[in-house]
Colleague: 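Mind having a look at this structure? Questions to follow.
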Amino acid sequence: MSVLSPPVYDIPSEDQGVEDLVGVFEKKFGSKPSFISRAPGRVNLIGEHIDYMGYGVLPMAIEQDVMVAGRTNNLSLLRLSNVDDEYKSYECSSAIDSLAIDRSAPKWHHYVLCGFLGIVEKFSVPLNMRMGMDLVICGRVPPSAGLSSSSALVSASALITYQLIAPSQLSKTDLAQICCDCERYIGTQGGGMDQSISFLAEKGKAKKIDFDPIRATDVQLPDGHLFVISHCLAELNKAATNQFNQRVVECRLACQILAKKSGLQWKEFRRLGDLQSKLGKTLEEMISLVKEHLHENVYSKLEVLETLECKADSLLQTSLSDNTAHLQEFKLYQRATHVFTESWRVEEFKKVTEQVPVDAQKLGKLMDESHASTRDTYECSHPSLDILTQLCRESGALGSRLTGAGWGGCAVSLIPESNKESFMEKVSTEFFSGEKLNGRPLSQVLFVTSPAAGACLYKC
Ligand code: ADP
Ligand code: NG1
């Protein structure tokens, strides 16, 4: 196998979870799986809600992962089970035309089907040759917490499908691109950060991820400092709600209006990053363009239609998604301002990490500014996240911000290693009292993280 494909290892003796998964598979399907795929979740250090506008982001993989144990069957069936009883077993024909992903009511198995479809479509596996698969899933990324459990599930599902039925090799980058594209079958119009870092991560390294094509550059983290993840205990399932796509659509409309006002064919633009490239402007100049051409008041749909000189059914095709078609109001100035300023912060963060020694105070300041922008300008935070990030700062963090999509989920904080004990003590006593945890161990909602390895396979 090429070094550019995900590595294949023997089952690791240090991870009891892998052995346990083999045992569950044997119990369920009567014999061992052939392979187990594993794909990690991620924490994004900075660069929120800009990947889908074409801008680079700065994540690192975390230890927590999703594993899928699998083998082929000759029944032309996909038989899916989960080690967690909360996720009910599911069975369907593996014929591509019978696979339905219900965007109005996404279920856990739909993410597995996304990964399966991504690989099958890539290779156009002929219907009569398609094999079935028996799969057992074990997820160790907290769901709907901004740590990318959904993409870890899609990526691990695509990787096991690739290993079991693909006729030829794919690189990690190919797999990442396939997973960015196929996760959109669930309905959310994400940008590709999560799947990219899941495949391209390396132990000990944070990465700057850029797109078109997907590429990853190493990022030097400050010596003597740690990143701590804390969960605000509020959750939001992205695909079951429309907040995420609403933001994507607001950015798209802002892009299209700016394109029109700049004398371009607006229908040709969907991402602010593409518009910036076309105009050949700096991020600062794009911020001035927003000030010049967009207003802070909410745009009504009518105003958008009049500005773009477009009919409602045409706007549906060019700009909206199924779950945003009904929206009547859009904030364009604020969303575009966030995207350009956040992209600027990513570039600054990267520059700071290139200096020796890395100035952790500066990184922390950029993280705080990022949180303020997601809270006030992009409006994707949550009151509990705002309280938690503030508490983290008061407990010694140099910077603290929401990570991932937001509207709940986790914060990431940068702390000096020497403050670790006092930081953990203060945050755990002041935010995570026993009853709030509701039976969850503290180690699942407050933990130090360091850059983990990317997706791989285990031969059983
Ligand atoms: P995240 O920010 O973690 O990606 P999402 O809301 O996008 O959150 O996706 C969470 C969804 O992913 C869950 O509702 C569930 O359908 C699926 N999921 C996550 N972890 C698991 C798991 N261990 N087993 C099955 N499905 C999972
Ligand atoms: P999470 O936190 O996994 O819901 C989502 C998107 C990312 C990115 C972030 C916000 C998907 C699969 N993931 O992440 O692409 O846009 O929000 O920065 O849509």
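By convention here, the first residue in the shown sequence is residue 1. Ligands are counted one by one from 1 in listed order, and the atoms in each one are counted from 1 as well.
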Colleague: In terms of residue, atom name and distance, what is the protein heavy atom nearest to atom 7 (O) of ligand 1?
Modeller: Lys238 NZ, 2.8 Å
Colleague: Short list, please: which atoms of ligand 1 are under 4.0 Å from a heavy atom of Leu236?
Modeller: 6 (O)
Colleague: Relative to ligand 2, is Gln189 under 4.0 angstrom through side chain, backbone, both or neither, heavy atoms considered?
Modeller: neither
Colleague: Please determine whether any non-hydrogen atom of Gly146 lies less than 4.0 Å from an atom of ligand 1.
Modeller: yes
Colleague: Are Lys351 and Glu347 within salt-bridge range, i.e. N to O under 4.0 Å?
Modeller: no
Colleague: To the nearest 0.5 Å, what is the distance between OG1 on Thr337 and OH on Tyr378?
Modeller: 11.5 Å
Colleague: Just going by heavy-atom distances, which of Ile46, Asp51, Val57 is nearest to atom 8 (C) of ligand 2?
Modeller: Asp51
Colleague: In terms of ring plane angle, is the pair Trp407 and Phe244 parallel, tilted or perpendicular, where the classes change at 30° and 60°?
Modeller: perpendicular
Colleague: Among protein heavy atoms, which lies nearest atom 17 (O) of ligand 2, and at what distance?
Modeller: Phe244 CE1, 3.3 Å
Colleague: Considering heavy atoms of the protein only, find what lies nearest to atom 9 (C) of ligand 2 and give residue, atom and distance to 0.1 Å.
Modeller: Met193 CE, 3.8 Å
Colleague: Can you report which non-hydrogen protein atom sits closest to atom 4 (O) of ligand 1, along with the distance?
Modeller: Ser150 OG, 2.9 Å
Colleague: What protein heavy atom is closest to atom 6 (O) of ligand 1, reported as residue, atom name and distance in Å?
Modeller: Asn237 ND2, 2.8 Å
Colleague: Just jot down the ligand 2 atoms closer than 4.0 angstrom to any heavy atom of Gly192, in number order.
Modeller: 15 (O)
Colleague: Any side-chain donor-acceptor pair under 3.5 Å between Ser81 and Ser89?
Modeller: yes
Colleague: Just checking, is any N or O donor in the side chain of Asn245 or Thr324 under 3.5 Å from an acceptor N or O on the other one?
Modeller: no
Colleague: Report the distance from atom CG of Leu147 to atom CD1 of Ile62, rounding to the nearest 0.5 Å.
Modeller: 4.5 Å
Colleague: Looking only at N/O atoms, are Tyr52 and ligand 2 under 3.5 Å apart anywhere?
Modeller: no
Colleague: Which heavy atom of the protein is the closest neighbour of atom 19 (O) of ligand 2, given with residue, atom name and distance?
Modeller: Gly190 CA, 3.2 Å
Colleague: Hey, which atoms in ligand 1 end up nearer than 4.0 Å to a heavy atom of Asn82?
Modeller: 24 (N), 25 (C)
Colleague: Do any N/O atoms on Glu48 end up under 3.5 angstrom from N/O atoms on ligand 2?
Modeller: yes
Colleague: Can you confirm whether the side chains of Arg71 and Ser31 place a donor and an acceptor under 3.5 Å from each other?
Modeller: yes
Colleague: Atom 23 (N) of ligand 1: which protein heavy atom is closest, and how many Å away?
Modeller: Gly139 CA, 3.2 Å
Colleague: Just to confirm my output: which protein heavy-atom neighbour is closest to atom 22 (C) of ligand 1, and how far is it?
Modeller: Tyr87 CE1, 3.6 Å
Colleague: What I want to know is whether Ser151 and ligand 1 share at least one N or O pair that is separated by under 3.5 angstrom.
Modeller: no
Colleague: Using a 4.0 Å cut-off to any heavy atom of Gly146, which atoms of ligand 2 qualify?
Modeller: 2 (O)
Colleague: Between Ser413 and Ser400, does any side-chain donor sit less than 3.5 Å from a side-chain acceptor?
Modeller: yes
Colleague: Return yes if a side-chain donor-acceptor contact under 3.5 Å exists between Glu48 and Ser370, otherwise no.
Modeller: no
Colleague: Taking distance alone, with N or O pairs closer than 3.5 Å, would you say Gln195 contacts ligand 2?
Modeller: no
Colleague: With the threshold set at under 4.0 angstrom, would you say Ala405 reaches ligand 1 through any of its heavy atoms?
Modeller: no
Colleague: Which is it for Ser151 and ligand 2 at heavy atoms under 4.0 Å: side chain, backbone, both or neither?
Modeller: side chain
Colleague: Is a side-chain donor-acceptor pair under 3.5 Å present for Asp274 with Ser277?
Modeller: no
Colleague: Would you check the N or O atoms of Asp194, main chain and side chain alike, for any that come under 3.5 Å of an N or O of ligand 2?
Modeller: yes
Colleague: Can you tell me if Asp84 contacts ligand 1 (heavy atom of the residue under 4.0 Å from the ligand)?
Modeller: no
Colleague: How close does the nearest protein non-hydrogen atom get to atom 4 (O) of ligand 2, and which residue and atom is it?
Modeller: Lys238 NZ, 2.7 Å
Colleague: Assess Cys380 for proximity to ligand 2: is some non-hydrogen atom of it under 4.0 Å away?
Modeller: no
Colleague: Between Tyr299 and Leu294, does a side-chain contact (heavy atoms from CB on, under 4.5 Å) hold up when you go through it step by step?
Modeller: CA-CA 9 Å; Tyr299 282 73; Leu294 299 178; 3.5 Å; yes
Colleague: Any carboxylate oxygen within less than 4.0 angstrom of a Lys/Arg side-chain nitrogen, looking at Asp15 and Arg140?
Modeller: yes
Colleague: Using heavy atoms and a 4.0 Å limit, tell me yes or no: is Ala145 in contact with ligand 1?
Modeller: yes
Colleague: Less than 3.5 Å between some nitrogen or oxygen of Gly404 and one of ligand 2, yes or no?
Modeller: no
Colleague: Show which atoms of ligand 1 fall inside a sub-4.0 Å distance from at least one heavy-atom site of Ser144.
Modeller: 1 (P), 3 (O), 5 (P), 6 (O), 8 (O), 10 (C)
Colleague: To check your reading of the model: name the closest protein heavy atom to atom 27 (C) of ligand 1, its residue, and the distance in Å.
Modeller: Leu153 CD2, 3.6 Å
Colleague: Answer with side chain, backbone, both or neither: which part of Trp108 has a heavy atom less than 4.0 angstrom from an atom of ligand 1?
Modeller: both
Colleague: State which residue, out of Ile36, Ile137, Val68, fulfils the side-chain contact (heavy atoms from CB on, under 4.5 Å) condition with Leu21.
Modeller: Ile36
Colleague: Taking the inter-plane angle between the rings of Tyr52 and His49 on a 0 to 90° scale, is it parallel (under 30°), tilted (30 to 60°) or perpendicular (over 60°)?
Modeller: perpendicular
Colleague: Show me which atoms of ligand 2 lie under 4.0 Å from any heavy atom of Ser148.
Modeller: 3 (O)
Colleague: Report yes or no: does a heavy atom of Arg42 sit under 4.0 Å from some atom of ligand 2?
Modeller: yes
Colleague: Compare Gly41, Ser149, Cys138 and give the one whose heavy atom is closest to atom 20 (N) of ligand 1.
Modeller: Ser149
Colleague: Could you tell me if Asp386 and His371 have a donor-acceptor pair between their side chains, going purely by distance under 3.5 Å?
Modeller: yes
Colleague: Below 4.0 angstrom from a heavy atom of Glu183, which ligand 2 atoms are there? Numbered from 1 as shown, please.
Modeller: 12 (C)
Colleague: Taking atom types as modelled, find out whether Gln256 and Thr318 have a side-chain donor-acceptor pair closer than 3.5 angstrom.
Modeller: no
Colleague: Run through Glu379, Glu296, Glu250 and flag the one making a salt bridge (charged side-chain N to carboxylate O under 4.0 Å, His left out) with Lys331.
Modeller: Glu379
Colleague: Would you name the heavy atoms of Thr449 and Met60 that are closest together and state the gap between them?
Modeller: CG2-CE, 3.7 Å
Colleague: Does the Lys NZ or Arg CZ of Lys459 fall within the cation-pi geometry relative to Phe35 - under 6.0 Å from the ring centre and within 45° of the axis?
Modeller: yes
Colleague: Any salt bridge between Glu342 and Arg345, counting N to O under 4.0 Å?
Modeller: yes
Colleague: Decide whether an N or O pair under 3.5 Å exists between Gly191 and ligand 2.
Modeller: yes
